[in-house]
Amino acid sequence: MPFESNYDFKASEAKWRAFWEKEELYKFNPQGSGEVFSVDTPPPYVSAAHLHVGHAMSYTQAEFVVRYARMSGKRIFYPMGFDDNGLPTERFVEKKYNINKNKITKKEFVELCIKETEEGGKTYRALFDALGISVDWSLLYTTIGAHAQKIAQRSFIDLFQKGLVKRKEEPTAWCPFCQTALAQADLDDKNQETFLNYINFEWEDGMPALIATTRPELIPACVALYVNGNDPRYKKYVGTKARMPLFDYEVPVKADDKVSIEFGTGLMMVCTWGDSEDVERWKDDKLETRAVFTKDGRLNELAGVYKGLKIKEAREKIVADLDAQARVVKREPLKNVCNVHERCGVPSEFIQTPQWFITITDKKEEWARRGEELAWFPQFMKTKYDDWVRGLKWDWCISRQRYFGVPFPVWYCRACGAVVLPEDAQLPVDPASDVLEGLKCACGSTDLKGEQDVMDTWMTSSLTPLINAHWKDGADTNLMDAIYPMSLRIQAFEIIRTWLFYTVVKSHYHTNSLPWKTVMISGWGLDTKGKKMSKSEGNFVEAEKVIEQYSADALRYWSAGANLGQNLRYSEEEVQVGKRTLTKLWNASKLCYEHLKAYAPSACAYETLMPVDRWVLYRLQETVKAYHGGFAEYEYARAKDALEKFFWHDLCDNYLEIVKQRLYADNPYNAEEQNAARWTLYTVWNGVIKLYAPFMPFVTEEIYQGYFAAHEGVKSVHVARLPEGQAEWANIAAAEDFERAIAVINAVRKYKTDLKVSIKKELAQLVVESPVLLDAHYQTIAGVMHIKEIFSGKGTVEAGGGIKVSFIE
RNA sequence: GGGCAGUUAGCUCAGUUGGUUAGAGCAUCUCGUUUACACCGAGAAGGCCAUAGGUUCGAAUCCUAUACUGCCCACCA
């Protein structure tokens, strides 16, 4: 028998997880009828291996929306991916195994990465399942898997054929620690404290030329001095030469209005790429090239005796040597910003190497227009996208000098240098090891060298909609018409500039469309003090443990506690409230079941309902309206609030208490009135369970299966339809009429509470004075409040709504 | 330096287009075993809605500054 014991969430959650999997409840049906709702959900880095409650929050918030769509009758395409290729995994493996890249082969290293990736995937799947995330696991993709590799390589070839990806040798952001080229989006700003060094160079006439620099180690890379053309101090030197200290060579003195007269000494050292400004001047003014940094962050032979020193060491040594020559006039502490690689925190440098770039900087207006076309929830998140697009400086560098990634499908002809591409049918390929039969250059040569680099991890993850849709995969698997552009992209805000932006770029180039119609951006779940959770800070609350202790439904309840896009602090108290909600749902269901187990639902005319029934239906109608209104704007929290008020207050505290008298045996009501009670109870109970289902999928399933599934002939609450309400329920006059009866009931409750007596203690007489006659409700009021006799007359105690009552014991 | 959020009861958060005495839950206090539930019910207390101006008959809500908190963006060598 259902509803006999207490609700055992552990047993229940395990049972329904298995049931959903066995029934393939969340499996996408490509043939069915009805609108498709396709969701592009973030493939987590498997290297993270643990979900904290913040991760759980953002995945869950998105999942409310998916479950809502499913229960609105849409055909859900909800895949999951694992983003396993690329630097995050490499860094994870390097740290875990304390790897020295010189002592391990590329093959061994990649094998370790794949092993860790598989482990991580298992952990993640277990956690998502535990949370009740309703993805279709048959749609799982991994960014290092053959399918994603194929799509990524196909994307590259398509861009190459359209002339949108080019190999260029130019100064590119470089991480000396990870030893790879980087894209603009891979860089973070870091505030640092450094010194502004005032150092005397020499004018042609032998007079001291005082420059100010934060990077004296770049003196051997200096290729010009710049002044503002309007600076009276230096006007006469423009066009002359100046002499370097220590390195003893001359550089030209040039004028540029962008040089600040106020900063430092107004005399600026321009080097072979200390920063992007140097790069600009180098390009614009065709300056000499004196690249002094090596790929591993040291100085080369141009630095003479400083050769081989690390950048920071060289900086100190050069200042010391200059000081010994009395050339350092002063050192001022200075706070400035430098770019660091977001994966390792090491300052990036500019190094000139051949790299592949996707053209993006010349299309800022198109990116902005795509941003306009996209529906943003919440709207203010769009600003972050616009900021990023406006600030684009460089084309997207997609080649990485790393190991664990998708290879470029590229060979180079040793005879003529041309790029040679494989046929689409041959993809995926690995030119670093594969030899393709029959592949030859247009010049006829078969002497080809495979590209060794791998692609940026975003090069693959920016294709998730196309990976999901099996773009250009042939008629059998192609889902482009069915799911693309996708209905919804879900993600958190910190990857707008990367994942979101790059995906827009790719879809624009490949399909001349948006990748999705709508984007929903979640905030972060923070610790109780409002700080970001991290292992090193020790404020990491593991989702797994919370689920273990309080249930997945309870954790999900907390996630629904803040509006979309807002950060939410973790609160164990809120999780406990969620847990209590489960219990309350269970207990209320127990009562409903007791009175409805023998009930065969059939039609019941609205006219036959009693006032309290009409009142609760009106409240249900209002709740359903608010609920759908909330979800329409992705404001699941608003939907949850409305539902919670209805369930706890209207249904449990009032309706159930009042309707009981008509349900127990030996009651004074007639058959029609009793039937009205059962029909109404069935309707509101059913509605509440369904409305809660997107938030608390486990307990609602347990209840639904215990009673409704058989009646409705539906195999799970999660594929049932949400209540829409009925026009005749929106009877505000009926609702207001019964509100007056509730006011009287509340007055009696308060009276008994104040007297410190039980509700059950019988009251002899109640006198009701109301502007509207309430005698139709007297029986109901007397029944629920245990009053012997009620009559109309003069009241003394305000009950609200112009009603007064008097009590006679 | 520019921008986006947030700042409402001790705590976590609502407050939809400005409209009667500002809401909920938790925590606190007082009561109450009502045949679903004490993981409950009734009630009480608790807020100059960050600060200062302004618009309005009327502002938590609109405008302008300011202060914190978080984040995004920015080449000042």
Side-chain angles (χ1 to χ4, degrees), chain A residues 3 6-7 188-189 196-197 211-215 218 226 258-260 262-271 274-281 334 336-339 378 380-391 393 493-494 496-497 523-524 526 528-532 558 561-563 565-574 576-595 626 629-630 633 635 637-638 640-642 644-645 648-649 652-653 656-657 660 663-665 746 748-761 784-786:
Chain A
F3 306 107
N6 290 333
Y7 179 60
D188 272 345
D189 290 343
L196 186 58
N197 302 280
I211 63 110
T213 180
T214 54
R215 305 201 59 185
L218 277 166
Y226 272 76
K258 279 191 233 153
V259 174
S260 161
E262 286 78 33
F263 188 90
T265 61
L267 181 58
M268 175 183 173
M269 172 174 94
V270 171
C271 308
D275 56 31
S276 61
E277 203 180 0
D278 284 351
V279 175
E280 295 304 310
R281 291 215 168 74
L334 180 78
N336 73 352
V337 176
C338 78
N339 284 322
F380 67 78
M381 289 292 184
K382 178 173 177 288
T383 310
K384 292 182 200 290
Y385 175 88
D386 291 336
D387 276 356
W388 182 252
V389 166
R390 209 175 301 123
K393 281 184 301 190
F493 60 86
E494 82 280 9
I496 288 174
R497 72 179 194 191
W524 274 344
L526 305 172
T528 51
K529 298 190 182 81
K531 288 251 178 292
K532 193 179 169 181
W558 163 73
N563 283 333
Q566 302 298 338
N567 294 337
L568 177 64
R569 294 178 183 202
Y570 178 66
S571 154
E572 191 163 342
E573 290 76 19
E574 272 303 298
Q576 287 167 349
V577 173
K579 179 83 194 322
R580 276 199 282 273
T581 304
L582 301 192
T583 308
K584 188 82 175 171
L585 269 170
W586 183 254
N587 287 327
S589 295
K590 213 150 97 180
L591 174 73
C592 295
Y593 180 77
E594 188 185 326
H595 296 292
E633 291 166 41
E635 294 292 358
R638 231 156 68 200
K640 190 205 86 169
D641 277 354
E644 202 170 11
K645 280 199 180 76
W648 214 285
H649 269 100
C652 291
D653 294 347
L656 293 182
E657 292 300 332
K660 272 182 199 171
L663 295 167
Y664 285 118
N746 286 339
V748 181
R749 266 202 198 120
K750 186 166 171 11
Y751 172 76
K752 292 192 178 182
T753 297
D754 289 348
L755 276 186
K756 304 184 179 179
V757 299
S758 153
I759 297 293
K760 228 182 154 184
K761 170 124 196 276
V784 70
M785 280 293 106
H786 303 94

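Note that the structure is predicted; figures quoted are calculated from it, not measured. First the proteins, then the strands, lettered A, B, ... as listed; each starts at 1.
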By the 4.0 Å heavy-atom rule, please label [X] as base, sugar-phosphate, or nothing.
X	value
A:H595	nothing
A:F263	base
A:F493	sugar-phosphate
A:T383	sugar-phosphate
A:W648	sugar-phosphate
A:C592	nothing
A:V279	nothing
A:D278	nothing
A:K532	nothing
A:L568	sugar-phosphate
A:N746	nothing
A:Q566	sugar-phosphate
A:D653	sugar-phosphate
A:W388	sugar-phosphate

Close side-chain approach of A:E494 and A:K532, heavy atoms under 4.5 Å: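 No, every pair of side-chain atoms sits at 4.5 Å or beyond.
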Is the shortest heavy-atom distance from the side chain of A:L656 to the side chain of A:L591 under 4.5 Å?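 When only atoms from C-beta onward are counted, A:L591 and A:L656 do touch, with a gap below 4.5 Å.
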For [N], which nucleotide is its Watson-Crick or G-U wobble mate, given both distances must be under 3.5 Å?
N	result
B:G70	B:C4
B:U16	none
B:C31	B:G41
B:U21	none
B:C75	none
B:A52	B:U64

Contact nearer the 5' end of RNA chain B, comparing A:S571 with A:K393: A:S571
Residue mapping more 5' on RNA chain B - nearest nucleotide basis, A:K752 or A:G561: A:G561
Can a side chain N or O of [X] be found less than 4.0 Å away from OP1 or OP2 on [N]?
X	N	result
A:R497	B:C73	yes
A:N567	B:G6	no
A:R215	B:A77	no

No-H, no-angle donor-acceptor pair, A:K584 side chain to B:C37 base, under 3.5 Å: yes
Could you tell me how far apart A:R390 (CZ) and B:C72 (P) are, to the nearest whole angstrom?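 To the nearest whole Å, that distance equals 17 Å.
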For A:D188 and B:C73, give me the distance from atom CG to atom P, rounded to whole Å. 7 Å
To the nearest 0.5 Å, what is the distance between CG (A:L585) and CH2 (A:W648)? 8.0 Å
Considering non-hydrogen atoms only, spot the tightest contact between A:Y593 and A:F3 and give its length. CG-CD1, 3.3 Å
